[in-house]
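Reviewing the structure listed below.
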Amino acid sequence: MGDRNEGIIKKIKGLLAIANDNKNDEESQSAFMMAQKLMMKYDITMGQVDSEKDNESIEQGQVTVYKKLFWWERKLAQIISKNFRVKFFYNNRFLKGQRNIKRAIVFLGFEKDVELAKEMYILAYDVLTFYSKRFIEDQYEDSMILRSHRITADYKNSYMRGFLEGMAIRFEEQVQKLQQEYGLMVLLPPEVQNAYDEMFRDTKGISFQIPPIGELQAYHRGYD
C-alpha cells in the first residue's frame, strides 16, 4: 500500500479509536470526512509534481465475501465508491450446496484508490454495525419494552438509513467546499468510468430497495 494510503488510514484509525473511547458516533463520521479530505488534498498536491498517474493501471478489489448482501452494505458501497474515486459492482456466484446466488461487492479503479476505498468500506462497516447495535441496546434498556425481531429490525434499519444518509450529505457538502477552495475537481477519473462502461456496456444494473423508516427517533439519531 502506498504512503498516501498508509498515512490516511493510520490517521483515520486514530480518530476512530478516540471516537470509540468517547462513545461518540459523530466523531466517527468526522473521521471519514477527514479521509476524503486528505485523499483529495493529496492528489491535488501530487498532481502538480508527479506524473505517476499516467503509469497507473485500473484494478479490481473484492471487498466482501460471497453472501446475501443487505441493503445497507450496498448503500455503503455506493457512498464509498462515489467519494473515493472508484466504481463498484457485484460478482455473482453459486456456492456449493446452496441454491440461491450469492454476490460480492467489488471496487474498480486505480490501484491506490481501490486499496483506500476497501479500507474505508471495512472501517465504515465496523463503525456502522457497532453504533447501530449500541443504539438498539440503549433503546431496549431505556424503554423497558420486550425484544422482538420486528422492533429490532425497525431500530436497526432506521438508524442505519439515517447514518448513511447523513454521511452521504456530509461528503457532498465537503466536496462542494473543497471545490470552492481548490477549483473544480472530478473525483472519479475518466479512465475508470470508461473501463466500467466497457465492462457493463450491455448489462442492466441491479437495483436494491431501501426499507422505510420504521422508527423516526432511530433515523434522526443515526442522521445526527
Side-chain angles (χ1 to χ4, degrees), residues 1-13 15-16 28-64 69 72-91 104-128 163-201 203 205-206:
M1 186 177 297
D3 292 340
R4 179 199 73 160
N5 289 354
E6 290 179 356
I8 291 174
I9 292 165
K10 182 178 180 180
K11 189 161 189 174
I12 300 320
K13 285 184 176 179
L15 292 173
L16 290 175
S28 292
Q29 198 174 96
S30 296
F32 293 100
M33 302 304 111
M34 177 63 72
Q36 183 200 45
K37 185 175 183 179
L38 291 173
M39 177 197 69
M40 295 172 73
K41 282 193 170 184
Y42 178 94
D43 285 340
I44 293 168
T45 302
M46 294 305 295
Q48 295 173 349
V49 299
D50 192 1
S51 60
E52 178 183 350
K53 179 181 174 183
D54 295 335
N55 299 321
E56 285 189 283
S57 61
I58 295 176
E59 307 286 344
Q60 298 181 21
Q62 183 175 320
V63 70
T64 70
L69 294 172
W72 55 270
E73 294 173 302
R74 299 170 187 247
K75 184 63 178 178
L76 178 59
Q78 190 178 71
I79 294 171
I80 294 297
S81 64
K82 180 179 179 181
N83 290 284
F84 287 89
R85 298 166 47 93
V86 298
K87 298 288 288 186
F88 86 97
F89 61 92
Y90 308 113
N91 271 344
I105 293 172
V106 182
F107 287 139
L108 176 75
F110 290 132
E111 183 179 5
K112 70 178 189 300
D113 294 326
V114 169
E115 289 175 349
L116 182 59
K118 287 173 62 178
E119 289 286 344
M120 290 301 106
Y121 179 94
I122 293 168
L123 290 173
Y125 182 104
D126 290 342
V127 165
L128 186 54
F163 191 99
L164 290 169
E165 290 182 4
M167 175 178 280
I169 288 174
R170 289 196 65 189
F171 273 135
E172 183 177 346
E173 291 173 347
Q174 177 162 265
V175 168
Q176 292 176 354
K177 181 180 178 180
L178 292 175
Q179 284 177 341
Q180 292 174 357
E181 184 176 353
Y182 294 103
L184 183 62
M185 296 178 294
V186 178
L187 281 177
L188 182 69
E191 298 91 339
V192 177
Q193 182 66 59
N194 293 338
Y196 179 87
D197 292 341
E198 186 65 26
M199 288 175 62
F200 300 102
R201 185 180 302 277
T203 305
I206 301 175

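Note that these values count all heavy atoms, side chains included, but never hydrogens, waters or copies made by symmetry. As the structure is a prediction and not an experimental result, all values here were calculated from the model. Count residues from 1 along the sequence.
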Just how far is it from atom [atom1] of [X] to atom [atom2] of [Y], taken to the nearest 0.5 Å?
| X | Y | atom1 | atom2 | answer |
| --- | --- | --- | --- | --- |
| Arg85 | Leu108 | CZ | CG | 12.5 Å |
| Ser81 | Tyr196 | OG | OH | 8.5 Å |
| Lys118 | Glu115 | NZ | CD | 8.0 Å |
| Lys75 | Phe163 | NZ | CZ | 14.0 Å |
| Ile105 | Asn91 | CD1 | CG | 11.0 Å |
| Leu76 | Ile122 | CG | CD1 | 10.5 Å |

Fit a plane to each ring of Tyr125 and Trp72, take the angle between them on a 0 to 90° scale, and name the class: parallel (under 30°), tilted (30 to 60°) or perpendicular (over 60°). tilted

Should the pair Phe88 and Phe107 be assigned to parallel (<30°), tilted (30 to 60°) or perpendicular (>60°) ring geometry? perpendicular

So which atom in [X] and which in [Y] form the shortest heavy-atom distance, rounded to 0.1 Å?
| X | Y | value |
| --- | --- | --- |
| Leu188 | Lys87 | CD2-CD, 3.5 Å |
| Ala195 | Ile58 | CB-CD1, 3.8 Å |
| Ala77 | Tyr121 | N-CE1, 3.6 Å |
| Val86 | Gly109 | CG1-CA, 4.3 Å |

Report yes if some heavy atom in the side chain of Phe110 is under 4.5 Å from a heavy atom in the side chain of Pro189; otherwise report no. yes

Starting from the C-alpha separation in whole Å, work towards a yes-or-no answer on side-chain contact (heavy atoms from CB on, under 4.5 Å) for Leu128 and Leu164. CA-CA 9 Å; Leu128 186 54; Leu164 290 169; 3.9 Å; yes

On the ring face of Tyr90, is Arg74 found with NZ or CZ under 6.0 Å from the centre and within 45° of the axis? yes

For Ala104, what residues pass the side-chain contact (heavy atoms from CB on, under 4.5 Å) criterion, not counting sequence neighbours? Gln62, Thr64, Tyr66

Is the backbone N or O of Ile79 less than 3.5 Å from a side-chain atom of Asn83, with the two atoms forming a donor-acceptor pair by type? yes

Could you check whether Gln193 and Asp197, counting side-chain N and O atoms only, form a donor-acceptor pair closer than 3.5 Å? yes

